[in-house]
Every structure is written in structure tokens, then in C-alpha cells.
Amino acid sequence: MSQKIEVTFTGVESARRLQNAADAKRKIVRHTFDVQAGSIAPDLLLELDGPNPRTPNIRKKAAKQLKDSLIGADPSTVGAFHLAHAGVRGVVKSFKRVDDTTYKAVFETGSGTKSEDHGIANGLHTVAVIGEALKGGEIPPEQYVTFTLIENVPRTLVPYVGEGLNTNIQVAEESIINLGGAFEPFKDAIRGATYFDEIGWHENEPGEYDARDVFAILNALNVVLYPNEDKDRHPVESYEKQSRCIAAFHEEVRDKENNNENGSFEAMIPILRDALFLYDTIRSDARNRYLKAVPGGKPGRLAIMEARYGKDGNAMPDVWSFPFISDAKDDYERGTYRLAKGVTFAMLAAFRNFVQYDAKRNRMSWIGGFKAVRTAWEINGGDMMMAANDVSQAVNYNPNAVGKNRPLWRQLHQMISSYQLQIEAENLRNELAAMKAEANA
């Protein structure tokens with residue numbers, strides 16, 4: 001037996017009625033409008049999942065990224081959520097205006113075939129993420145979501161609309177590579193780590209991170225693709241276009257199959273765990289480094305630091321987790337603040353200065369061991385933070401622009417290069433002093 005469900009939308013803005021010639025023949029009308037994300041009724045909308053073939057999973061990385069965008073983890077993007085995301089599309093029996101800012105949608109369910117029910121055809125993940133964020137009162141009022149509700153769609157077309165909106169035309173490249181087993185050596189290198197399940201290696205596999213993250217981190221430290229001697233070329237795509245990192249690995253996989261040539265990413269497997277550790281170290285410890293360099297400073301207020309704020313305006317404690325520095329621990333290390341992703345990659349890439357490549361063995365390792373790298377971060381991290389903050393001020397406190405700033409990548413790389421030269425000079429002096437003492441003995 002059919003059932004009619006009414007959903008009222010309040011605070012509607014930019015409402016439009018669309019109908020082309022093909023729509024007119026079927027008497028179909030499309031209604032588009034914007035509403036504040038925090039004003040919708042997510043629980044009610046989630047029940048209207050008839051035409052949507054996918055069940056929302058808010059544990060997926062994409063959903064978590066969507067939530068970060070929604071709650072304004074990057075303050076510079078608040079008010080632009082509706083510009084960056086496709087919004088919500090649904091099929092309705094009717095859509096009527098109540099007053100200038102209030103509209104009522106009627107969904108008819110219980111058709112006997114669930115896929116032919118009216119409801120949300122695309123955007124259930126968005127609705128689910130909004131519902132999750134509403135529980136914590138985390139959605140800024142400036143965040144809008146765009147709805148498109150289609151009226152008078154024939155029942156037989158409802159499944160077609162739902163399937164069409166949810167069809168992936170192209171399988172993610174990392175999924176294709178994974179099918180060939182090329183990821184296996186990398187997976188084996190971290191298989192015993194407690195964070196192993198946090199990395200999804202192919203499309204739709206659960207995990208906080210995915211293959212793109214792993215290869216973006218390796219790419220930032222890849223001295224074959226980005227030699228330290230080339231002072232003007234830096235792996236900015238590790239942040240700017242992570243798909244290029246996967247594409248570069250895929251090209252090396254094909255070269256090995258065709259020409260039996262070993263790839264540079266394969267050479268980085270011995271330092272994979274350390275690379276992940278360094279990434280999380282920089283991101284989690286940046287605040288401490290800044291405080292060491294600027295006693296009495298307020299790193300939590302820097303635009304390049306990320307935090308989530310409660311209704312009281314204070315940063316919510318321990319909202320970020322850092323699995324890569326938590327191996328063999330019962331719980332993940334957590335923090336109230338973390339360094340913005342783009343700035344983290346710019347700093348990470350500077351430590352290419354400590355990576356050396358043995359071409360004969362096709363193997364990369366750390367100059368002086370990984371302990372030397374960690375010491376270099378502890379000593380230089382504060383200066384690196386001040387340099388990044390200077391750029392932040394120059395680009396109107398936009399952390400995304402800071403992460404893409406080529407001069408900053410060059411400056412940070414030069415800072416670690418100069419530090420390393422000082423260490424080498426000091427070691428040489430110590431060796432000469434030892435030789436002189438031995439000769440005089």
C-alpha cells in the first residue's frame with residue numbers, strides 16, 4: 001500500500017523551476033534550490049532511499065573528507081560547500097511553494113518495488129554526513145547544500161534515474177593496479193602494523209587513507225623523480241594532484257612488465273614505514289615546534305593549523321588521529337590540532353635531502369639513519385613553521401594556497417639542505433680532529 005511522506009524545507013533560497021521540451025512531454029518538472037545544510041531533516045530523508053542503489057557509509061574516507069569540508073576544517077572554504085559538492089537529487093510526487101522561503105515536497109513510497117519509490121536518487125552520503133555533523137552542532141550557518149527535486153517522473157524511469165546518477169564511468173586507477181597485484185610488496189611492508197587496515201588499497205575499500213595517500217607521501221620523498229640537485233623542481237603534485245603520483249607508479253609498473261626495468265617507487269619500500277611515520281610526525285608535532293621557536297605564540301590560531309570548533313568557539317580536544325606514529329600502541333595518538341595537509345607535504349618533501357638511492361640495488365635509504373631525520377625535524381621544525389606562516393600571511397591566510405606555493409617548497413628544501421651541509425661539515429671537522437689527535441699520540 002502506497003504511503004505519502006511530506007518533507008518541509010525552510011529557509012529556501014534561489015528556488016528555480018526547470019523544464020525543457022523533453023520534460024514537458026512527460027510533464028516532468030525539476031526544482032532546484034539552496035538551503036542551509038543545518039536546516040534539513042536528515043533522518044527523514046535517509047529513510048527515502050528507494051531509488052538509490054547505494055547504502056551510505058560515513059566511515060569511508062570520502063565521507064570523512066566530505067564532513068571536513070562541511071564543518072569548515074579549512075576556514076577559508078566556509079560558505080563554499082555548495083560550490084564544491086554536487087548536492088542532493090531526488091524524485092518527488094509533488095513540490096509546492098508554501099511561502100517565499102518555505103516549500104513542501106511529497107514523496108510516495110510503498111510502490112511494491114523499492115527501486116521505484118520516490119526518494120533520494122543521489123546524495124545520500126551527503127545527507128548522512130550532514131546528519132552526523134548535526135549531532136555535534138558543527139555545521140557553520142554559511143554552509144549551503146543544493147537540492148534538485150524532480151517531479152512527475154514515471155515509475156518505470158525512477159530506477160533508471162537512480163542508477164544513472166550513481167554509475168562510475170571510470171574505475172579508479174589504483175583499483176586497476178591493485179587487480180594486477182602491484183601493490184602487494186607495499187602492503188607486505190606494513191602488513192604487521194597496527195594501522196594496516198587504515199589504508200584502503202582499492203576503490204570502496206574502507207580506511208582513513210587510501211593508495212593515493214601512500215604514493216603521494218612516497219612521491220614527496222622520491223629522489224629519482226625529484227633529484228635534490230634540481231633546486232627548482234619539487235613534488236608539489238603530492239598535494240596538488242595526487243592522481244599523478246598513482247599515474248607515475250602505474251607507468252613504472254608497465255615499464256617493468258615491458259622492459260624489466262625496476263621502478264623508483266619499488267625502491268622506496270624499505271623506507272615506507274618511516275615515510276608514513278615522518279608524515280604523521282610533522283602533522284602532529286608542528287604545533288610543538290612552533291611553540292619552541294616562538295615562546296608564548298599561539299599556534300592554534302595560525303591559518304595553517306586545523307582544528308574543529310564547538311558551539312562555544314573553543315577547539316574540540318583530540319579530534320584528529322595519527323595512526324602512523326601509533327604502531328604497536330593500544331590506541332592511536334590523538335591531537336586537538338594538526339598541520340594543514342598541503343603545508344605538511346611541503347615540509348615532508350624537504351627531507352628528500354636525507355634520502356639516498358642505490359641504483360645497483362634499486363634501494364633507497366636514509367643518510368645517517370632515520371634517527372637523523374627525526375632529529376633534523378626537531379631542530380628545524382620551528383623555523384619551517386615560521387617560514388610557512390610568513391607565506392600564509394602573504395596569501396591572505398589561505399592554507400590551500402600555502403600548500404601550492406612553489407617558493408615555499410624551494411625554501412623549505414633549502415633549509416634542510418643547509419642543515420645537512422652543516423652536519424657534514426661538523427662530522428668532517430670531528431674526523432680531522434680525531435686523525436690529528438691520533439697522529440700526535
Heavy-atom side-chain proximity of Val223 to Gln356 below 4.5 angstrom = no

Show your working on side-chain contact (heavy atoms from CB on, under 4.5 Å) between Met364 and Ser264 and close with a plain yes or no.
-> CA-CA 9 Å; Met364 295 191 199; Ser264 62; 4.3 Å; yes

Derivation of the salt bridge (Lys or Arg N to Asp or Glu O under 4.0 Å) call for Arg308 and Asp68 | CA-CA 9 Å; Arg308 289 179 178 172; Asp68 282 349; 2.4 Å; yes

At their closest point, which heavy atom of Ile304 faces which heavy atom of Ala388, and how far apart are they?
-> CD1-CB, 3.9 Å

Pairwise distance CD1(Ile217) to CG(Asn222) - rounded to 0.5 angstrom | 13.5 Å

Between Leu70 and Pro140, which heavy-atom pair has the shortest distance, and what is it?
-> O-CD, 3.5 Å

What's the verdict on salt bridge (Lys or Arg N to Asp or Glu O under 4.0 Å) for Glu184 and Arg191, showing C-alpha distance, side-chain angles and the deciding distance?
-> CA-CA 10 Å; Glu184 290 306 314; Arg191 198 173 297 278; 3.4 Å; yes

Between Tyr209 and Pro323, what is the shortest heavy-atom contact and its length?
-> CE1-CG, 3.8 Å

Pairing residues for Asp100 by the salt bridge (charged side-chain N to carboxylate O under 4.0 Å, His left out) criterion, not counting sequence neighbours = Arg97

Test log, rule salt bridge (Lys or Arg N to Asp or Glu O under 4.0 Å), inputs Lys292 and Glu378 = CA-CA 10 Å; Lys292 289 274 188 179; Glu378 291 170 0; over 6 Å; no

When rounded to the nearest 0.5 angstrom, what is the spacing between OH in Tyr357 and CZ in Arg352?
-> 16.0 Å

Just by distance, do the side chain of Ser417 and the backbone of His413 share a donor-acceptor pair under 3.5 Å?
-> no

To the nearest 0.5 Å, tell me how far Arg287 CZ sits from Leu339 CG.
-> 13.0 Å

Kindly indicate whether the side chain of Arg338, heavy atoms from C-beta on, has any atom under 4.5 Å from the side chain of Phe322.
-> yes

For Phe81 and Tyr144, what are the C-alpha separation, side-chain angles and deciding distance, and is it a ring pair (Phe, Tyr, Trp, His ring centres under 6.0 Å)?
-> CA-CA 6 Å; Phe81 182 78; Tyr144 285 80; over 10 Å; no

Compare all side-chain heavy atoms of Leu278 with those of Arg283 and state whether any distance is below 4.5 angstrom.
-> no

Is it the case that more than 12 heavy atoms not belonging to Lys241 sit under 6.0 Å from its NZ atom?
-> no

Ring pair (Phe, Tyr, Trp, His ring centres under 6.0 Å) assessment of Phe183 paired with Phe215 = CA-CA 10 Å; Phe183 287 154; Phe215 283 90; 5.6 Å; yes

Could you verify whether a donor N or O on one side chain and an acceptor N or O on the other, from Asp210 and His202, lie under 3.5 Å apart?
-> no

How far apart are the C-alpha atoms of Phe354 and Trp366, what are their side-chain angles, what is the distance that settles it, and do they pass the ring pair (Phe, Tyr, Trp, His ring centres under 6.0 Å) test?
-> CA-CA 5 Å; Phe354 278 89; Trp366 302 106; 7.7 Å; no

Lys231 NZ: over 12 foreign heavy atoms closer than 6.0 Å | yes

For atom CZ of Arg273, is the number of surrounding heavy atoms from other residues, nucleotides or ligands below 6.0 Å larger than 12?
-> yes

Residues Asp312 and Asn314: side-chain donor-acceptor under 3.5 angstrom = yes

Any side-chain heavy atom of Tyr239 within less than 4.5 Å of one from Asn400?
-> yes

If you round to the nearest 0.5 Å, how far is CG of Leu412 from CG of Leu408?
-> 4.0 Å

Mark yes or no for whether Arg363, through its side chain, and Met268, through its backbone, hold a donor-acceptor pair below 3.5 Å.
-> no

Kindly say whether Tyr332 contributes a backbone atom to a donor-acceptor pair with the side chain of Ser321 at under 3.5 angstrom?
-> no

Between atom CZ of Phe324 and atom CG of Leu272, what is the distance when rounded to the nearest 0.5 Å?
-> 9.0 Å

Say whether, by atom type as modelled, one donor and one acceptor occur between the side chain of Asn389 and the main chain of Met385 under 3.5 angstrom.
-> no

Beyond-backbone contact of Thr281 with Arg374, side-chain heavy atoms, under 4.5 angstrom = no

May I ask you to test the Phe9-Thr102 pair for a side-chain heavy-atom distance under 4.5 Å?
-> no

Counting N and O atoms only, with roles assigned by atom type, does the side chain of Gln420 sit under 3.5 Å from a partner on the main chain of Asn353, one being a donor and the other an acceptor?
-> yes

At what distance, to the nearest 0.5 angstrom, does OG1 of Thr148 lie from CD1 of Ile150?
-> 7.0 Å

Under 4.5 Å between any side-chain heavy atoms of Glu252 and Glu266, yes or no?
-> no

Provide the closest heavy-atom pair for Gln242 versus Ala216 in the form atom of the first, atom of the second, distance.
-> NE2-CB, 3.7 Å

Whether over 12 other heavy atoms sit under 6.0 Å from Lys187 NZ = yes

Could you check Leu149 against Arg30 for side-chain contact (heavy atoms from CB on, under 4.5 Å), going step by step and ending with a plain yes or no?
-> CA-CA 6 Å; Leu149 299 181; Arg30 288 167 287 138; over 6 Å; no

Does atom CZ of Arg16 have more than 12 heavy-atom neighbours from other groups under 6.0 Å away?
-> no

Check step by step if side-chain contact (heavy atoms from CB on, under 4.5 Å) holds for Trp377 and Asp285.
-> CA-CA 10 Å; Trp377 161 251; Asp285 190 46; 3.0 Å; yes

Could you walk me through whether Lys341 and Tyr279 pass the side-chain contact (heavy atoms from CB on, under 4.5 Å) test, one step at a time?
-> CA-CA 10 Å; Lys341 188 175 183 179; Tyr279 174 84; 3.9 Å; yes

Under 3.5 Å, side chain of Asn219 to main-chain N/O of Cys245, donor-acceptor pair present?
-> no

Would you name the heavy atoms of Gly297 and Leu291 that are closest together and state the gap between them?
-> O-CD2, 3.4 Å

Indicate yes or no for a side-chain donor-acceptor contact from Arg289 to the backbone of Gly381 under 3.5 Å, with no hydrogens or angles considered.
-> no

Do the side chains of Val294 and Met386 get nearer than 4.5 Å, heavy atoms only?
-> yes

For Glu261 and Asp255, indicate whether the former's side chain and the latter's backbone hold a donor-acceptor pair under 3.5 Å.
-> no

Ala350 backbone acceptor or donor facing Gln414 side chain under 3.5 Å | no

Does the gap between the ring centers of Phe33 and Phe147 come in under 6.0 Å?
-> yes

Using the benzene-type ring in the case of Trp, are the ring centres of Phe249 and Phe186 under 6.0 Å apart?
-> yes

Would you find a donor on one side and an acceptor on the other, under 3.5 Å apart, between the side chain of Asn178 and the backbone of Glu174?
-> no

Taking 4.0 angstrom as the limit, do Asp232 and Arg406 come out as a salt bridge?
-> no

Write down the atom of Thr194, the atom of Ser326, and the distance for their closest heavy-atom approach.
-> OG1-O, 3.5 Å

